[in-house]
Student: 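Have a look at the structure that comes next, please.
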There are 2 protein chains.
Amino acid sequence: MARENTCRFAVLGMLCRKPMSGYGLRRAIEQTVGHFWQESYGNLYPTLERMEAEGLIALDREERSPGGRVRKVYRVTTEGRRVCAGWLRRPVVPHVERNELLLKLFFGARVGPKDSLAHVERSRAEAEGLLDALRRIDEDARREREGDPELPYWHLSIRAGLLGLEAHLRWCDEARATLQGLARAQAAKKKRGKQDAR
Amino acid sequence: MARENTCRFAVLGMLCRKPMSGYGLRRAIEQTVGHFWQESYGNLYPTLERMEAEGLIALDREERSPGGRVRKVYRVTTEGRRVCAGWLRRPVVPHVERNELLLKLFFGARVGPKDSLAHVERSRAEAEGLLDALRRIDEDARREREGDPELPYWHLSIRAGLLGLEAHLRWCDEARATLQGLARAQAAKKKRGKQDAR
DNA sequence: GCGCACGTCTATCAGACTGATATATAGGCG
DNA sequence: CGCCTATATATCAGTCTGATAGACGTGCGC
């Protein structure tokens, strides 16, 4: 039922690169695929336990971590690798992703264009920030990970973000123009209404 | 805890347009904002109950529905309108959306480019289908809803989808070229390996 | 040398949300 | 008559998020 536990596969993929603890996994995910994938501890830790029980991963070692607590380092098992490869070959199941901005805009029709305009401006500013960050990440990766066989795939995922954000910026500009037009029309109508009332 | 119940606001926004049943709400959401927002019954019905208890919506009437069962039609209360307006003014909280395609691609680095290429091709075909559907929806709306004050907002949300999908198609083409290049490089390396082994 | 902010680490919980499934009825089709 | 489709409500297991808690170590300021 529901969708299949994708956290499993993020864990398997990451552990195929090298053994890690739950905390380390979250950090590794954040630092490599963080712009399109994140895992919360509330998802990660129970999933790790289940995966260990299922024999997909195994406790590699326990270390005294810098920070007192015992760090449980996991590694993939052969079975885990098999399951991961199976997932990698399975087609992606598409799904509609919720877009709260568009929902607010749609309902904003009944309130007036001013708030909608503010939402668009905020979204635009945020997208520009992300765009800068992505560009910097891309440059850093090219410099520091030269020759890494993962680099072209890395770059591909960043390009996806870049193209998506650029399209979003263009849409923001369109939306701004449309909403400003609607605001002007509304103001003109109001003014006419006042004149009529005289 | 967790994120706030956005289903509430989708319900409020839709009921501000006109009173509806749970089933009708789902259909209305599907038919207007379905390309970027969906609600499941498992979310909708319990949410409706809670909202009624909280006084955000009220039972408007019960009808014998075409289809035997009793249809519970809800309407917004004044309090519901107030809460909805408050939500409309509140800024959108941004969050990283998961992208399974990119995750498979990233891990696909360790398997080889062939499966990745298949994923990209499938995604491209799917995006083209969606693009066609959106264009048709846009044309239909312009024809049938001429003069509707909601129309410009409607068009705006469709433009967002259109621009996003076009960007995705461009990315797919880039990705295809990159992956084909990697596949060729891998094949050449294999061939060299064979020659060396002689 | 005392407190305390910060980083590392595991862990848990309420609540949101999905996708599947169950149940019931009316109408149309062959 | 059975079968399909549309209308309608309801429930459930299971995924995932964001918040929070607790425990320890290091370095910093005062």
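So that the names make sense, note that chain A is the first sequence line, chain B the second, and so on, each numbered from 1.
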Student: Round to a whole Å and report the spacing from CD of A:E97 to P of C:dA16.
Tutor: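 About 22 Å, once rounded to whole Å.
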Student: Go through D:dT17, C:dT18, C:dT10 for me and flag the one nearest to the A:S21 side chain.
Tutor: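 Closest nucleotide to the A:S21 side chain: C:dT10.
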Student: Contact class for B:R50 vs. all strands (heavy atom < 4.0 Å): base, sugar-phosphate, or nothing?
Tutor: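 Sugar-phosphate contact only.
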Student: Heavy atoms under 4.0 Å, any strand shown: does B:G42 hit a base, just sugar-phosphate, or nothing?
Tutor: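 Answer is base: heavy atoms of B:G42 come under 4.0 Å of a base.
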Student: Taking atom types as modelled, find out whether A:T6 and B:R98 have a side-chain donor-acceptor pair closer than 3.5 angstrom.
Tutor: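 A donor-acceptor contact under 3.5 Å links the two side chains.
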Student: Identify which nucleotide among C:dT18, C:dA16, C:dT8 has an atom closest to any side-chain atom of A:Y23, counting heavy atoms from C-beta outward.
Tutor: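 The answer is C:dT8.
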Student: Let me know the distance between CZ of B:R8 and C1' of C:dG15, rounded to the nearest Å.
Tutor: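 Nearest whole value for this atom pair: 11 Å.
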Student: B:L130 and B:L165: which non-hydrogen atoms are nearest, and at how many Å?
Tutor: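 Looking at all heavy atoms of both residues, the closest pair is CB-CD1, 3.7 Å.
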Student: May I have the distance from B:E39 (atom CD) to D:dT9 (atom C1'), rounded to whole angstrom?
Tutor: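 Whole-Å distance recorded here is 16 Å.
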Student: So, is B:N5 close to the C:dC17 phosphate, meaning a side-chain N or O under 4.0 Å from OP1 or OP2?
Tutor: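 The answer is yes; a side-chain N or O of B:N5 sits under 4.0 Å from OP1 or OP2.
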Student: Can you confirm whether A:V11 sits close enough to A:L25 that some side-chain heavy atom of one is under 4.5 Å from a side-chain heavy atom of the other?
Tutor: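 Yes, close enough: below the 4.5 Å cut-off.
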Student: Just by distance, with hydrogens left out, do B:H155 and B:R142 show a side-chain donor and acceptor under 3.5 Å apart?
Tutor: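 Yes.
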Student: Measuring to OP1 and OP2 of D:dA10, would you say a side-chain N or O of B:K72 lies under 4.0 angstrom away?
Tutor: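 It does, given that an N or O in the side chain of B:K72 lies less than 4.0 Å from OP1 or OP2 of D:dA10.
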Student: So, does A:R98 get its side chain near the phosphate of C:dT18, meaning an N or O under 4.0 Å from OP1 or OP2?
Tutor: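 Result: yes.
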Student: Return whichever of B:Y45 or A:S40 has its heavy-atom-nearest nucleotide of DNA chain D closer to the 5' end.
Tutor: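 Closest to the 5' end, via its nearest nucleotide, is B:Y45.
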Student: Rounded to whole Å, how long is the line connecting atom CD of B:Q38 with atom P of C:dC17?
Tutor: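 Result: 14 Å.
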Student: Answer yes or no: does a side-chain N or O of A:Y41 lie under 4.0 Å from OP1 or OP2 of C:dA11?
Tutor: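 Indeed not, no polar side-chain atom of A:Y41 lies that close.
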Student: Send over the distance from A:W37 CH2 to D:dC16 C1', rounded to a whole Å.
Tutor: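 Interatomic distance, CH2 of A:W37 to C1' of D:dC16: 11 Å.
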Student: Remember a base hit wins even if backbone is also touched, and classify A:T47 as base, sugar-phosphate or nothing at under 4.0 Å, heavy atoms.
Tutor: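 No contact.
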Student: Kindly say if B:N43 contacts the phosphate of C:dT18, meaning a side-chain N or O under 4.0 Å from OP1 or OP2.
Tutor: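 True: B:N43 side-chain N/O within range (under 4.0 Å) of C:dT18 OP1/OP2.
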Student: Send over the distance from A:R26 CZ to D:dC16 P, rounded to a whole Å.
Tutor: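 Rounding to the nearest Å, CZ of A:R26 and P of D:dC16 are 15 Å apart.
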Student: How close or far is atom C1' of C:dC17 from atom CD of A:E100, stated in whole angstroms?
Tutor: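 Value for this atom pair: 14 Å.
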Student: Using a 4.0 Å heavy-atom cut-off, does A:R27 contact any base of the nucleic acid, only the sugar-phosphate backbone, or nothing at all?
Tutor: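 Touches sugar-phosphate only.
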Student: Whether B:R145 engages the ring of B:W154 as a cation-pi pair (distance to the six-membered ring centre under 6.0 angstrom, angle to the ring normal within 45°) should be assessed.
Tutor: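 Pair B:R145/B:W154 counts as cation-pi.
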Student: Can you check whether A:T6 has a side-chain N or O nearer than 4.0 Å to OP1 or OP2 of D:dC16?
Tutor: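 Yes, because at least one side-chain N or O of A:T6 sits under 4.0 Å from OP1 or OP2 of D:dC16.
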Student: Looking at every non-hydrogen atom in both residues, tell me the closest pair between B:G108 and A:L88 and how far apart they are.
Tutor: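 In terms of heavy atoms, the two residues are closest at N-CD2, 4.1 Å.
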Student: Please state whether the phosphate of C:dC9, meaning OP1 or OP2, lies under 4.0 angstrom from any side-chain nitrogen or oxygen of A:R71.
Tutor: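 True: A:R71 side-chain N/O within range (under 4.0 Å) of C:dC9 OP1/OP2.
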Student: Rounded off to whole Å, could you give me the CE-to-C1' distance for the A:M51 and D:dC16 pair?
Tutor: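 After rounding, the gap between these two atoms is 16 Å.
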